[in-house]
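Accompanying notes for the structure given below.
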There are 2 protein chains.
Amino acid sequence: MSLRYALLALLRVGPLSGYELQKQFSLSVGHVWHAPDSQIYPELRKMEAEHLIEGEEQPRGQRATRRVYHVTDAGEQAFLTWMHTPLEYARVRDPAHLRAAYLEAAAPDAARDFFRAHINQWERELAQWEGELLRIDEVANPMLVRRLAVTEPEDRERTIAFKRFTYEGLVDRARGEISWAKRGLRLIDELQHAGSGVRSDPNSAHV
Amino acid sequence: MSLRYALLALLRVGPLSGYELQKQFSLSVGHVWHAPDSQIYPELRKMEAEHLIEGEEQPRGQRATRRVYHVTDAGEQAFLTWMHTPLEYARVRDPAHLRAAYLEAAAPDAARDFFRAHINQWERELAQWEGELLRIDEVANPMLVRRLAVTEPEDRERTIAFKRFTYEGLVDRARGEISWAKRGLRLIDELQHAGSGVRSDPNSAHV
DNA sequence: CAGCACATGTAAGACGTTACATGATTGG
DNA sequence: CCAATCATGTAACGTCTTACATGTGCTG
């Protein structure tokens with residue numbers, strides 16, 4: 001259900017074709033809500049069928065066309081209503097912590113690989129989100145620029161502040177995951193030393 | 001795909017009926033991987049069809065039966081193989097941060113409600129996970145007890161350590177979400193004061 | 001004998017993933 | 001004229017949610 005609101009959020013800044021939308025999507029909202037084009041195009045059609053958006057066929061070159069969508073009043077309403085409705089949280093479903101809970105079944109090296117991969121995964125997300133923070137501060141994100149262009153001056157501060165705040169939260173989360181995984185690596189070392197004779201060494205401080 | 005490994009992880013401690021499994025599930029693995037019974041029973045049947053587990057019909061009272069499953073060698077292998085295989089991470093899909101990024105479209109009070117609900121949501125998760133940490137320290141979780149009973153003495157420390165470590169990670173995450181949402185509440189206050197005349201007051205410190 | 005726990009599902013639909021498919025336009 | 005990019009999907013499959021369905025056994 002969130003996909004359509006992610007799309008509405010983008011379209012609210014002004015008309016966009018499915019293709020443009022899909023491109024901008026992966027550079028903005030896509031950072032918090034991933035969706036492939038094979039999901040975006042059909043969803044746009046569905047939203048059009050429900051009159052949340054309207055598409056207009058535009059000529060492109062000689063033979064081709066493209067469909068440019070804009071938000072209807074009903075769509076704007078739907079977006080605002082969603083904004084004022086309690087969120088539905090997805091149930092926990094976390095493969096990394098699932099595996100971590102049973103790492104005693106893995107060889108220490110495999111456990112290390114797992115944590116290294118976890119670090120790697122979140123380092124990449126972190127880089128994305130930190131990059132986005134920079135682009136917010138420099139007002140360099142194209143969608144943010146378009147957004148600000150259609151925003152009342154007195155609302156611009158808020159608009160920027162919430163985006164900044166969102167990405168700060170994501171950055172914090174990524175750092176949390178990374179530091180957890182680093183502690184995991186240390187834990188494996190400690191357990192291995194404990195296991196190989198040093199058993200109850202009071203100096204092998206546990207976290 | 002993770003569901004079956006969550007089930008295998010539980011079944012590895014010894015035979016369980018679908019019903020017991022489902023009950024224990026919600027009290028242990030369910031804390032990291034939610035699944036309703038309507039998903040568990042069919043998955044068990046599928047796993048049996050693939051020879052990862054075997055079910056045995058047991059009489060219950062006069063007419064009723066129950067099906068008790070145990071892990072086969074192939075199932076044990078599958079679990080260990082999964083343990084040594086890189087995890088597949090789900091793409092980001094985070095409704096809370098999606099909404100946060102566009103909170104300028106909501107009335108301040110609605111934005112506050114959103115953050116309060118977020119805090120509430122994660123406080124509840126936090127309580128769950130902290131409770132589980134306690135039950136780990138007191139070795140009071142029934143599944144952990146059964147697990148330790150079939151674990152070589154030299155592996156017991158590792159077994160407990162990884163469970164503890166897992167829940168510590170979850171607790172950290174919950175705390176992170178809560179503190180983010182609390183900062184969100186402060187941000188709304190600041191923006192509202194800034195908006196109502198105090199505009200460029202150098203004393204309204206931003207985070 | 002009532003009510004709760006035990007016990008096991010099915011069915012329909014939403015949502016997501018992956019792979020496949022196709023053609024037009026534009027710039028070098 | 002060739003490659004990149006513009007442009008828009010379909011099809012099959014797997015996962016998850018929600019609601020419904022049904023009956024037995026035990027305990028007070």
Side-chain angles (χ1 to χ4, degrees), chain A residues 1-7 11 15-27 29-30 32-50 53 55-69 82 87-95 98 142, chain B residues 1-7 11 15-27 29-30 32-50 53 55-69 82 87-95 98 142:
Chain A
M1 216 26 5
S2 290
L3 174 55
R4 71 172 43 186
Y5 299 105
L7 291 169
L11 272 177
L16 287 167
S17 73
Y19 185 78
E20 287 174 294
L21 201 45
Q22 178 245 109
K23 288 290 153 193
Q24 292 312 317
F25 197 92
S26 60
L27 298 174
V29 201
V32 289
W33 193 275
H34 167 81
D37 36 339
S38 66
Q39 217 189 340
I40 291 178
Y41 287 114
E43 182 66 22
L44 288 171
R45 289 291 181 168
K46 271 178 65 187
M47 289 163 71
E48 187 172 19
E50 296 174 36
I53 60 178
E56 204 189 332
E57 210 71 25
Q58 281 188 357
R60 182 172 70 97
Q62 302 305 305
R63 262 173 301 279
T65 62
R66 61 184 210 148
R67 198 162 182 80
V68 175
Y69 293 97
W82 175 73
L87 256 200
E88 284 173 44
Y89 287 83
R91 319 301 285 268
V92 211
R93 214 164 259 129
D94 183 334
L98 170 59
Chain B
M1 220 13 18
S2 291
L3 174 56
R4 72 172 42 186
Y5 299 106
L7 291 170
L11 273 177
L16 287 168
S17 74
Y19 186 76
E20 287 175 294
L21 201 45
Q22 181 243 108
K23 288 292 154 189
Q24 292 311 318
F25 197 92
S26 60
L27 298 173
V29 202
V32 290
W33 193 273
H34 168 83
D37 36 339
S38 67
Q39 215 189 340
I40 290 178
Y41 287 114
E43 181 67 22
L44 287 171
R45 289 289 181 172
K46 272 179 64 186
M47 288 163 72
E48 186 172 20
E50 296 174 38
I53 60 179
E56 203 189 333
E57 209 71 24
Q58 282 187 356
R60 182 172 71 96
Q62 303 305 305
R63 265 174 299 280
T65 62
R66 60 183 210 150
R67 199 167 181 78
V68 175
Y69 293 98
W82 175 72
L87 258 201
E88 283 173 43
Y89 286 83
R91 319 301 284 269
V92 211
R93 212 165 261 127
D94 184 333
L98 170 59

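Naming: A, B, ... by sequence-line order, numbering from 1 per chain. Since we're looking at a predicted model, the values are computed, not measured.
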On DNA chain D, does the nearest nucleotide to A/Arg66 precede the nearest nucleotide to A/Pro42 from the 5' side, or the other way round? Give the residue.
A/Arg66
For nucleotides 14-18 of chain C, which of its nitrogen or oxygen atoms have a protein nitrogen or oxygen under 3.5 Å away, and what is each distance?
unit_1 : atom_1 : unit_2  : atom_2 : d
C/dC15 : OP1    : A/Met1  : N      : 3.2
C/dG16 : OP2    : A/Gln39 : NE2    : 2.8
C/dG16 : O3'    : B/Arg93 : NH1    : 2.9
C/dG16 : O3'    : B/Arg93 : NH2    : 3.4
C/dT17 : OP1    : B/Arg93 : NH1    : 3.4
C/dT17 : OP1    : B/Arg93 : NH2    : 3.4
C/dT17 : OP2    : B/Arg93 : NH2    : 2.9
C/dT18 : O4     : A/Ser38 : OG     : 2.9

Quick one: which protein N/O atoms are closer than 3.5 Å to N/O atoms of nucleotides 25-28 of chain C? Pair and distance per line, please.
unit_1 : atom_1 : unit_2  : atom_2 : d
C/dT25 : OP1    : A/Arg60 : O      : 3.3
C/dT25 : OP1    : A/Gln62 : N      : 2.7
C/dT25 : OP1    : A/Arg63 : N      : 2.6
C/dT25 : OP1    : A/Ala64 : N      : 3.1

Under the side chain to side chain contact (heavy atoms under 4.5 Å, CB included) rule, collect the residues that match up with B/Pro142, sequence neighbours excluded.
B/Gln24
Identify, with sequence neighbours excluded, every residue that meets side chain to side chain donor-acceptor pair (under 3.5 Å) alongside A/Glu56.
none
Residues at least two apart in sequence or cross-chain that pass side chain to side chain contact (heavy atoms under 4.5 Å, CB included) with A/Arg60, listed by chain then number, are A/Ala64, A/Arg66
Residues that A/Leu87 engages under side chain to side chain contact (heavy atoms under 4.5 Å, CB included), provided they are two or more places apart:
A/Trp82, A/Tyr89, B/Pro95, B/Ala96, B/Arg99, B/Phe114
According to side chain to side chain donor-acceptor pair (under 3.5 Å), who are the partners of A/Asp94, at least two apart in sequence or on a separate chain?
A/His97, B/Arg173
Taking only side-chain nitrogens and oxygens of B/Tyr19, does any of them come within less than 4.0 Å of OP1 or OP2 of C/dC6?
yes
Quick one: how far along DNA chain D does chain B reach, first to last nucleotide 5' to 3', anything under 4.0 Å to a heavy atom?
D/dT15 to D/dG25
A/Glu43: which residues meet the side chain to side chain donor-acceptor pair (under 3.5 Å) condition with it, sequence neighbours left out?
A/Arg4
Partners of A/Gln62 by side chain to side chain contact (heavy atoms under 4.5 Å, CB included), sequence neighbours excluded?
none
Report the distance from atom CD of B/Glu57 to atom C1' of C/dT8, rounded to the nearest whole Å.
10 Å
Tell me, please, which residues at least two apart from B/Ser2 pass side chain to side chain donor-acceptor pair (under 3.5 Å).
none
Among residues at least two apart in sequence or on other chains, which ones pass ring pair (Phe, Tyr, Trp, His ring centres under 6.0 Å) with B/Tyr41?
none
Could you check if a side-chain atom of A/Phe25 sits within less than 4.5 angstrom of a side-chain atom of A/Leu3, using non-hydrogen atoms only?
yes
